[in-house]
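These numbers come from a predicted model, not from an experiment.
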Amino acid sequence: MENVTRVEIITDALEMREVCALLESLGVSGYSVIRDVQGQGERGRQLGDELTDVFKNSFLLAVCEPALAERVAEALRPILQRRGGICLLTPARSVRH
Amino acid sequence: MENVTRVEIITDALEMREVCALLESLGVSGYSVIRDVQGQGERGRQLGDELTDVFKNSFLLAVCEPALAERVAEALRPILQRRGGICLLTPARSVRH
Amino acid sequence: MENVTRVEIITDALEMREVCALLESLGVSGYSVIRDVQGQGERGRQLGDELTDVFKNSFLLAVCEPALAERVAEALRPILQRRGGICLLTPARSVRH
Amino acid sequence: MSFDLLLTNFLNPPILFFFLGMAAVLAKSDLDIPQPLPKAFALYLLFAIGFKGGVELAHGGLQPGVLKALGAAISLACVVPVYAFFILRRRLDVKNAAAIAATYGSVSAVTFIAATSFLGQLGVVSGGYMVAAMALMESPAIIVGVALCRLYSAAETGGVAHPSLSWSHLLREAFFNGSVFVLVGSLIIGAITGARGAQALLPFTDGIFKGVLCLFLLDMGLVSARRLAGLRKLGAFPLAFATLIPLGNAALALLVAKSLGLPRGDAFLLCTLSASASYIAVPAAMRAAIPEANPGLYVTMALALTFPFNVILGFPLYYSLIQRLWS
Amino acid sequence: MSFDLLLTNFLNPPILFFFLGMAAVLAKSDLDIPQPLPKAFALYLLFAIGFKGGVELAHGGLQPGVLKALGAAISLACVVPVYAFFILRRRLDVKNAAAIAATYGSVSAVTFIAATSFLGQLGVVSGGYMVAAMALMESPAIIVGVALCRLYSAAETGGVAHPSLSWSHLLREAFFNGSVFVLVGSLIIGAITGARGAQALLPFTDGIFKGVLCLFLLDMGLVSARRLAGLRKLGAFPLAFATLIPLGNAALALLVAKSLGLPRGDAFLLCTLSASASYIAVPAAMRAAIPEANPGLYVTMALALTFPFNVILGFPLYYSLIQRLWS
Amino acid sequence: MSFDLLLTNFLNPPILFFFLGMAAVLAKSDLDIPQPLPKAFALYLLFAIGFKGGVELAHGGLQPGVLKALGAAISLACVVPVYAFFILRRRLDVKNAAAIAATYGSVSAVTFIAATSFLGQLGVVSGGYMVAAMALMESPAIIVGVALCRLYSAAETGGVAHPSLSWSHLLREAFFNGSVFVLVGSLIIGAITGARGAQALLPFTDGIFKGVLCLFLLDMGLVSARRLAGLRKLGAFPLAFATLIPLGNAALALLVAKSLGLPRGDAFLLCTLSASASYIAVPAAMRAAIPEANPGLYVTMALALTFPFNVILGFPLYYSLIQRLWS
Ligand SMILES: Nc1ncnc2c1ncn2[C@@H]1O[C@H](COP(=O)(O)O)[C@@H](O)[C@H]1O
Ligand SMILES: Nc1ncnc2c1ncn2[C@@H]1O[C@H](COP(=O)(O)O)[C@@H](O)[C@H]1O
Ligand SMILES: Nc1ncnc2c1ncn2[C@@H]1O[C@H](COP(=O)(O)O)[C@@H](O)[C@H]1O
Ligand code: NA
Ligand code: NA
Ligand code: NA
């Protein structure tokens, strides 16, 4: 098993495409996305009930080596500032194929 | 980056409104919810295939400071006892805007 | 509160039934599943837009005692090899009813 | 029960699709109708049946006969949970007995819709006010069930009562439950709109109705067959209750209908309403009001036993009784 | 405004279902129409209205009158955001002013559809080319709004500009937004197909149209009532703007329509288009192009105020004005 | 291939909506039809086509001609994967060759439905039993493909075989796959119900059919265009195979149809069935039975190449051949 860092990102659903592009540009090789997430935060309630996904969040989990995870977190800061949301780093161990 | 605690709560979907109210009353400032979660536990299988969401779970993630997280976990105990489910605390580091 | 291990599994949606059966056979007493997860990995992009859920992942979270978690991770290896995906172990503390 | 009626029922496409759904689960097919599609079908059916009922109600007016029938419907919905509760108490604790009693006192909208489809096969008419009767039967049993629960569980336990639901919250759960709201709202809108305005909605509310019902019952077949495995764990008493109490409730409703002189179609609908068990409005309310009661018990009984029982055997049985009593 | 028109509007089932949705939220019912069902209704409505508009357009042809009307529509969509911006600038910062200006310059397809349903109640006809007018009015305001934003925010801040959206990306957001794409695509396909080919689609595009509209407006009622609570936080200026600017935009459109000699039905539709505010095409584009603007402001205003205002009071008001001016 | 046929095909709204979907992806529009809506459309289409086929089958009866045609259909479904496998083996490993062979031996229900819509445009009738033919062609190729895989991969590897799927499990995957189940179930229910009972379902199964087909093909356009980018990675051989093998399979089916003396419409449908490749029933079965095969290969070929190829060029081509051979 490998020591890895779980990077969790919750932000505006419409921003996720850009977040994925950012991750890929930083060399993250894999990630998983849950598209429909509701939430509460500084920007108020996100009910996800709008036709355009303006009040909806998405959740992304990327597992990568610890050093890369730090870089990802740093690079996300401007996006989180602009659009809101949160990024979490947690150490974990992983099994891959 | 801040040291925080991830609080994860999985419980009956119909209970989530109450859980959110509880969190807010305790001073949790943000959380995210995934509404449709299936599960298996003591109360049997929750397939989420019912019209009323009686056999469905939801998932909530709240990131907060460690001390608050402990209070949240304690306050949740009666709800979990009545309705089933689980609450997890994990230490993590977070980036916010 | 108990010390536990969070076991997270992301793999092909069509494989989840088998993964659940495996977990139950190993004595895991509870788990939660999020069915619709998109992803990017070695096997390319999984958009979840196909009628048959061939390009879709699911996410499973099982909370169990640390020793059992290790056994689960080991037992999952062949499935992850065949179908792709990832398994993560993270230590946490849990409240149950 | 005449073989003809059984056959008429079996050859009705919605019932056949219900069987198809059950067959899919038994054959271990991976057939699945993911949420929220079944919710969409249910929303549509409640909308259509409510709206059409409202239009007919406006057309027919609130004649004395109608008011009597509505009164009878409410009375049934209040009386059934009471005797059901005392029967159930012989074997079950107060909370579960109360929740199951509420389930059987209330009604199943889908059973009602399937029953109108059965009447349609036979060419028998029924009054639009029966939709109002159904709507009125949804909620009272919830109140009765919770009242019984509170009355008797105070006695049972000394009671480390957890903060219990306020009555105002409970009334909201009972009367403003989402599906009750759509049904009653559509009924009222239909009554306001009237026949002329309803014309433009006909292809939607009538044209595609039976087709959507087929798809919905396909899903019901899947869902109830999935619950069949859980039946064994329930024990003999709940099984017996779930198949016998509909007969009792149907019989009671028949007597009431006969004594009021309701026409055949309406008598049949009242009878199936009384025999049916709620798995939409009641479970949601019970989870909130009596959280200690086991939904694995009251939902499974209603969904995996009483619904198929009524739809497959109940309809021809009840109608054959009506044929005898009414002729 | 004549009482008759108000009543005609209120008794239209889609409007009644809009009220029902609002009532459900106010009564704290748990009624919910989960996504993606509302998206399905919207997809259907855009498809049907676009396709039918295209068929009629092909039938009527692009006569000079039609071209004039289309030109007027585009002009309105370009002019409205400009004056709206300067009104808004008196109280709001550049970014929010620009986003709201774009919102009110663009149009609401659902308001348009509800307006055609209102005309249907009155038995007034309208031209298929008005759908094309609507489609043409969706995007220009987005461009105008962003241009105003860039022009004036360069002046306002010295500007630690974050990497701003390229114009090509912006044009794509404006013109290839999913709902605009379906609407315009269906319009073109309808025009290609023509009346003969459209026949086979009639039960879909016409038959069930009003029913789906009812369900969609039921959801709109839910969604906009949920936002009502947030209105208080917005302050008096946005509230006033959201209910007064539609009147100004409607008046302007009426003048234009009158001067072009548009028939009543078309004048009414142009007027409601101008009065309406976008909450589908614009919000998606604004999130990308002006991320600092607050959607809690521009979406809430359009959805919780301007939409209900137009649909409930605006329709009868605008039409009564037309009745006077056109007679 | 006559230009007229090409045009007739292109002007069919469902095909135009397929193009619209592809255009949306190419124009980088954010248009998206989120699951489970496409699943709902597919469920509806399988339900409607199955039910209507069953009704017609009951009406026409199982005449000797019908039985011959059904036999031919099954034979094609068994023979095609065998020769496809050996062609594919020249460049691909056993597992991928077997999975692709199964894909092309089986059929695409959506292609079939689009083909019936094409016939409708031309005013050519076809027999309801062809739906049964389609249903019978879904599963055999799965069995043949897996059998070939097991036969030849034992030879290829010494084989650290992982626990392979039991045959009983495999048969279940092949015959009780959800979409096959709905199709066959609806066919049987249609046959039981017969013409009289089907009347009440007509507005659902017929009225809105073409409209739903348009929306479904809009989504198919999106989905297949998204896969186009992945085509380049596949290499020349799969590309060539995916566009050439349909021609071979169609030619074979034409010969068979001609020798059996099938009427034009039925010959055309048999031909498109044979030319089509499965992306519903087969992928699900292959993921379970041959997990090492790459769905990025067999699904992408079927979805992004063979489906558009058949629907855009194949239909007019095959039909023009029939016009020559049958006259
Ligand atoms: N403390 C938190 N814990 C979990 N999720 C959060 C937290 N804060 C924000 N979020 C998520 O991020 C979204 C945007 O946050 P904000 O920008 O604070 O409104 C919220 O709607 C939540 O889904
Ligand atoms: N050990 C566990 N790991 C993950 N999820 C669990 C676990 N136990 C329970 N759950 C979730 O909580 C729900 C209710 O649990 P229970 O009350 O044990 O039936 C289950 O349906 C699961 O979704
Ligand atoms: N590093 C990762 N972090 C998060 N999820 C991953 C990662 N790698 C793979 N996955 C998930 O597992 C699925 C299958 O992975 P793969 O077998 O690498 O294609 C992907 O589509 C993702 O959803
Ligand atoms: Na009852
Ligand atoms: Na406007
Ligand atoms: Na084929």
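With a 4.5 angstrom heavy-atom cutoff, A:D12 touches chain E only via side-chain atoms. For a residue to count as touching a neighbouring chain, one of its non-hydrogen atoms must lie under 4.5 Å from one of that chain's; by this rule E:L222 does not touch chain A. The part of E:V299 that comes within reach of chain A is its side chain, from C-beta onward, which places non-hydrogen atoms under 4.5 angstrom from that chain. Proximity to chain A (any heavy atom under 4.5 Å) is shown, for E:Y298, by neither the backbone nor the side chain.
For A:R83 (side chain) and E:E292 (main-chain N/O), no donor-acceptor pair under 3.5 Å exists by modelled atom type.
For the pair E:F41 and A:L51, the minimum side-chain heavy-atom distance is 4.5 Å or more.
Residues of residues 53-64 of chain A lying under 4.5 angstrom from chain E, judged on non-hydrogen atoms, are A:D53, A:V54, A:F55, A:K56 in numerical order.
Expressed to the nearest 0.5 Å, how far CG of A:D49 lies from CG of E:D219 amounts to 7.5 Å. Rounded to the nearest 0.5 angstrom, A:R82 CZ and E:R287 CZ are separated by 10.5 Å.
Taking both residues in full, the closest heavy atoms of E:Y279 and A:T52 are given as O-OG1, 3.8 Å, listed atom of the first, atom of the second, then distance.
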Given the rule in the salt bridge (charged side-chain N to carboxylate O under 4.0 Å, His left out) test, do A:E50 and E:R227 qualify, once you have shown the distances and angles that lead to the verdict? CA-CA 11 Å; A:E50 222 85 19; E:R227 298 285 174 284; 2.6 Å; yes
